[in-house]
Amino acid sequence: MQSDVISRPESRSPILWWICLAGFALVALTALRSLPQIADLLVDADGDDQMRLVEVRDWLAGQSWFDTHQYRVLPPDGISMHWSRYVDAGIATVLLAASTMLAAPQAELATVILWPSLLACGMVLLHARGANRLLGPAGALGALAVFLSWSKLGGEFVPPRIDHHNVQMLCGTALFYLSVVPGRARLAGAIAGVVTAFSLAVGLEMLPYLATIWGLMALRHAFGEDRTGDWLLGFGAAITPAAPLLMAGQTPMADWGVGHCDVLAPPVLTLGAVGVVATLVPVLAERVISSPVSRIVTMVVITCVGLWLASPLLVPCLAGPYSNLPPAVRKIIETNVVEALPASKLVWSNPALLARVLLPPVVIATLALAAFWRLRKRLSPMQAKALLQAFVVVGVGLGFALAQIRAANLMTPAVPLLGGFLVWAFTLIPRASLWRIPAVLVLLLALPAVVEHGAKALPGRSVAGGGKGVSGPGTEPLQTCRTEPAMAEIASLPKSLIFSTLNLGPTILAYTPHSVTSATYHRSPDAIWNGLGAFETLDALHQALVRSGADYLVLCVGGAVERATPDIRALMSGSPPGWLVDVTAGRTLVRVFQVGKASLPPAGATP
């Protein structure tokens, strides 16, 4: 009957392990397919992946665990990085193991294959077991289909992705299932607290998602859901010591009191403390504070008072990580760095990218919402709560993603479960029903890979290299110098300080002995400006060369940024000013100019 509740769909039969093995096999196949081209994939990889590799190298070479400065960017002081050593430690463990069998270059290539593949296997286990507990083998199969076919999610777990986003997604997925799968509530809450603290130690990008799950658990307790109080007790008891210990484990003691807003530091610790008190008071006093309204009011009052008391620490962080940057540098980020752009700009400048990122979760969530409404009377309470939580997470993530496209990561823990729900809902259609054929077609068309393939028909601007996605003009055929031959041409220069565009900075660090002047990290406005703003005019380039003390200016012959302004195009065509000497010689992929420091006009003078 339509009103029958379908309970306990989970399976403990071998079929679940066959599903997991199939997922592992696909991960292994992806790794093997990348093996012949891994060197090319790494040299053209996201700049953050290359910078992470450089950071691991430096740590293994003797740089302090507590010192994450990158001294080869704008030497001698270098630039301050806000990255976690915990991720470095995981990558270094794989690298050291590979180094026992392979030479250093091959060991690094093996590491950038193995590290994301190991994390991908962890995701396979989480989605398969979590979705199976909620929706049975069909749900596990559907969840893995979404994970493995959505480039925004599965694409973060393929070689050579060694940046920290995949670690954060893994933590977020673990937290999601820990909050919805039944079991020992206090233990699940304690593990969730440690996972949340570790995710924050790795980076703060998932903070809105982590707060959403925490808040939803508090609301579930307010409305009297069984065992949620125990979960919150375990969570609070675990995150309270874990967060400061993890902060202390990667932060120099001298910086423990510094109010950094972009890492796990006093502002975030204070915010977490307010959350612990606000959510645990209704739990500890549940006999006195017994109604949903009184519990919610109590949490709101404590939260408001806590935020007011903590405002001296928190208010400076409200403006975001770019608030301390000069307006000109903020404008560069807001107009050129693709991952920082809002949907309102991408819909005109790069609709193909916007569609590839947002269409898969929107399509899956829309279909899942329709199926949820249709089957609402047949869902168990456990399934209904898990699905409602997934819808909330997708809604929150979508809202943030519309403001800044990289926030689509916030949706990734929940979307696979919704995909699993669609497959499970399909199994409820009677085999004799004529609806099965159109339902199969809908499921196939809703696969992220199919949706993304359709998005390729939309117009999209070219992107200059990897890294954080710096937009190119898109009017001429572009080339990239993120290749081994181009890096070999740059490496043949005497060891020096290289001035280059933004996307070349990390690649030069990874593939040459040189230092660089540019990188996309918000703690150094000069490093950002040098990579883009300096190439807007010849005067801006002159000023930046004076400040940086660079020895050589290296330009990519077919680069997007180099072609964007008339001054730089004229320079590349053979009209350099007197303070630049063309030493390109036999190089064909890059143009190289030695900076004539003796003849370089002082800053402020007309070049």
Could you give me the CA-CA distance, side-chain angles and deciding distance for Val73 and Met51, then say whether side-chain contact (heavy atoms from CB on, under 4.5 Å) is met?
CA-CA 11 Å; Val73 180; Met51 185 65 83; 4.3 Å; yes
Is there a donor in the side chain of His69 and an acceptor in the side chain of Gln63, or the other way round, less than 3.5 Å apart?
no
Determine whether the side chains of Lys345 and Asn350 contain a donor N or O and an acceptor N or O closer than 3.5 Å.
no
When you measure from the side chain of Asp582 to the backbone N and O of Phe593, does any donor-acceptor pair fall under 3.5 Å?
no
Distance, nearest 0.5 Å, that separates CD of Gln168 from CG of Leu210:
8.5 Å
Is the shortest heavy-atom distance from the side chain of Val146 to the side chain of Ile364 under 4.5 Å?
yes
Could you walk me through whether Leu580 and Leu545 pass the side-chain contact (heavy atoms from CB on, under 4.5 Å) check?
CA-CA 10 Å; Leu580 290 177; Leu545 286 171; 4.1 Å; yes
Smallest separation among heavy atoms of Ala486 and Cys481, with atom names:
CB-O, 3.2 Å
Looking at Leu509, is its backbone amide N or carbonyl O close enough to the side chain of Gln50 to form a donor-acceptor pair, meaning the two atoms are under 3.5 Å apart?
no
For residues 87-117, which residue pairs pass the ring pair (Phe, Tyr, Trp, His ring centres under 6.0 Å) check, not counting sequence neighbours?
none
With a 6.0 Å cut-off on the ring centroids, do Phe157 and Phe147 count as close?
yes
Any side-chain heavy-atom pair from Glu452 and Val357 closer than 4.5 angstrom?
no
Dump the intermediate steps for salt bridge (charged side-chain N to carboxylate O under 4.0 Å, His left out) on Asp262 and Arg523, then the final yes or no.
CA-CA 9 Å; Asp262 55 357; Arg523 287 190 174 183; 2.8 Å; yes
Please give me the minimum heavy-atom distance between Asp67 and Arg85, naming the atom from each residue.
O-NH2, 2.7 Å
What distance separates Leu410 CG from Leu398 CG, expressed to the nearest 0.5 Å?
10.5 Å
Can you give me the closest heavy-atom contact between Ser149 and Pro448, atom names plus distance?
OG-CD, 3.2 Å
Kindly indicate whether the side chain of Trp579, heavy atoms from C-beta on, has any atom under 4.5 Å from the side chain of Gln594.
no
So, the side chain of Arg57 versus the backbone of Ala510: is there a donor-acceptor pair under 3.5 Å, distance only?
yes
Please check if the side chain of Glu562 supplies one atom and the backbone of Cys556 the other of a donor-acceptor pair under 3.5 Å.
yes
Whether Ser548 side chain and Thr517 backbone form a donor-acceptor pair below 3.5 Å
no
Taking it one step at a time, do Leu153 and Met123 satisfy side-chain contact (heavy atoms from CB on, under 4.5 Å)?
CA-CA 10 Å; Leu153 178 54; Met123 288 288 279; 4.0 Å; yes
Donor-acceptor check, side chain of Asp551 to backbone of Leu497, threshold 3.5 angstrom: yes or no?
yes
Non-hydrogen atoms of Gly533 and Ile332 that approach each other most closely
N-CD1, 3.4 Å
Decide yes or no for Trp529 and Glu536: does some side-chain heavy atom of the first lie under 4.5 Å from some side-chain heavy atom of the second?
yes
Is there a side-chain contact between Val338 and Leu346, using heavy atoms and a 4.5 Å cut-off?
yes
Is it the case that Gln250 and Ser84 place a side-chain donor and acceptor less than 3.5 Å from each other?
yes
Taking all atoms of both residues into account, what is the closest heavy-atom pair of Ser344 and Val347, and its distance?
O-CG1, 3.3 Å
If we ignore hydrogens and angles and just use 3.5 Å, is the side chain of Thr565 paired with the main-chain N or O of Phe535 as donor and acceptor?
yes
Kindly compute the distance separating CG (Leu26) from CG (Leu144), expressed to the nearest 0.5 Å.
9.0 Å
Checking the side chain of Lys597 only, and the main-chain atoms of Gly549 only, is there a donor and an acceptor separated by less than 3.5 Å?
yes
Do Val595 and Val581 touch side chain to side chain, with heavy atoms closer than 4.5 Å?
no
Do Ile405 and Leu358 have side-chain heavy atoms sitting under 4.5 Å apart?
yes
Between Ser515 and Ile498, is there a side-chain heavy-atom distance shorter than 4.5 Å?
no
Criterion ring-ring contact (aromatic ring centres under 6.0 Å, His included) against Trp59, the qualifying member of Phe66, Trp65, Trp83, Tyr86
Trp65
Please check if the side chain of Gln70 supplies one atom and the backbone of Glu55 the other of a donor-acceptor pair under 3.5 Å.
no
Quick one: pull up NE2 in His522 and CD1 in Ile528 and give me the separation to the nearest 0.5 Å.
8.5 Å
What distance separates Cys121 SG from Leu126 CG, expressed to the nearest 0.5 Å?
11.5 Å
Which heavy atom in Ala534 sits nearest to a heavy atom in Asn530, and how many Å separate them?
CB-O, 3.6 Å
Any sub-3.5 Å donor-acceptor pair from Asp49's side-chain atoms to Arg161's backbone N or O?
no
Working to the nearest 0.5 Å, report the span between OG1 of Thr507 and CD1 of Ile490.
8.5 Å
No-hydrogen, no-angle side-chain donor-acceptor test under 3.5 Å, Ser492 and Arg587:
yes
